[in-house]
Amino acid sequence: MANELRWNPILGEWIIVASKRETRPWRPKTCPFCPGSEETGYGWKIKVLPNRFPALRTDAQTSIESHGIYMVKPAYGYCEVIVETPMHEGDLCDIEINNLKEFIDVLAERFVKLGSDPKIKYVFEFRNKGAAIGVSLHHPHSQIYALPFIPPRIKRELKNAKKFWSKRGICLFCHVIKLEKDFGKRIIYENDHFIQFLPFFAMWPYETHIYPKRHVQSLNMLSDEERYALADVLKVATKTYNTLFDTSLPYIMAIHQKPTDGKDYSFYHMHIEFYPPNRDKEKVKYAAGIEWGAGTFTYDALPEERARQLQKACVKAIRELASKSYKPFGVCKEYMQ
Ligand code: ZN
Ligand code: ZN
Ligand code: FE
């Protein structure tokens, strides 16, 4: 069994190679996360489990030696699963607000805990939903990969944020919030502490980003009140997605926080990105020739038009949540008109 990092000298990035992962179950018949299962037991609202088929491990072994520019390192790290609710079906929007706030507490706690290992440079927390994304287990859950390196997408964000900070003396992300608020037409939902918008530079058709309004670098820096506000945005945002085409929409939810290598990242601003692959109810956008082969994304509509569709869905979503006795903390801009 091998868990190793192999360096791609051409792109300058690590690949995680795990030889045993192929044997993981593909959509098993009995749910391993439902209450009463061997892994989870009874009497819980939220559960953190070690990933049974981890790509990274603390006792990682390599299968081959480094040779010249072909570098190999043990894939040291942690892979964890967060089972967000005992409910077998549903999305974040179906989870009760206090339970969702607890989910955010757990994400913050694991970020600090796993990040405190001096060998861990980055704690990546994310959520995959839906068969189109390749989710192998249906029961609502998120994942954590605690990595011994800073992943390339984060590196690029850090580089640009740092450059902006040193040139302009302000945070790039705080500036994006200002631009989105000034323009207004791409904002989907906003409460006292968070703002959700479809970015000017969206890559996926219905991609949206959620920024805390306060300049913070990681979830553990959020106050209790802010965590409830984040739970509220997550609830409304996922409800909006499921209302958009009146179908349970698949998505990737990626949480971007500062690295945990102990350096100063006060120029960074944490945020959450949602990438649903759908372009409409049935059709999915693939990362194909131009996207994968060249790394350049195409967007086949105007972001402002799609933001408008999301705003309409958000208004409906808020109404529906209210009819199920949940009162959203914030408003859809559209809602006020
Ligand atoms: Zn289940
Ligand atoms: Zn900021
Ligand atoms: Fe980001």
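Atoms within a ligand are numbered from 1 in the order they appear, just like the ligands themselves.
- The ring-ring contact (aromatic ring centres under 6.0 Å, His included) test with His175 is passed by exactly one of Phe200, Phe267, Phe164: Phe164.
- Between Tyr211 and the choices Tyr268, Phe194, Phe197, Tyr189, the ring-ring contact (aromatic ring centres under 6.0 Å, His included) rule is met once, by Phe197.
- Within His215, the N, O or S atom lying nearest to the Zn ion (ligand 2) carries the name ND1.
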Practice item. Let me see the working for Asp224 and Lys101 under salt bridge (Lys or Arg N to Asp or Glu O under 4.0 Å), right down to the final yes or no. Key: CA-CA 9 Å; Asp224 262 358; Lys101 192 268 182 184; 2.9 Å; yes

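- Taking backbone and side chain together, His271 holds an N, O or S atom under 2.8 Å from the Fe ion (ligand 3).
- The aromatic rings of Phe274 and Tyr251 sit perpendicular, their planes meeting at an angle over 60°, well past the 30° parallel limit.
- Aromatic ring centres of Tyr299 and Phe297: separated by at least 6.0 Å.
- With respect to the Fe ion (ligand 3), Glu157 has OE2 as its nearest N, O or S atom.
- For His269, the N/O/S atom at the shortest distance from the Zn ion (ligand 2) is named ND1.
- When distances from the Zn ion (ligand 1) to the N, O or S atoms of His139 are compared, ND1 comes out shortest.
- If you put the vertex on the Zn ion (ligand 1), SG of Cys31 and ND1 of His88 sit 110° apart, to the nearest 10°.
- Here the angle centred on the Fe ion (ligand 3), running from ND1 of His256 over to OE2 of Glu273, is 100°, rounded to 10°.
- Put simply, Ile15 and Met71 are part of two different groups of oily side chains (I, L, V, M, F, W, Y) that touch within less than 4.5 Å, one to the next.
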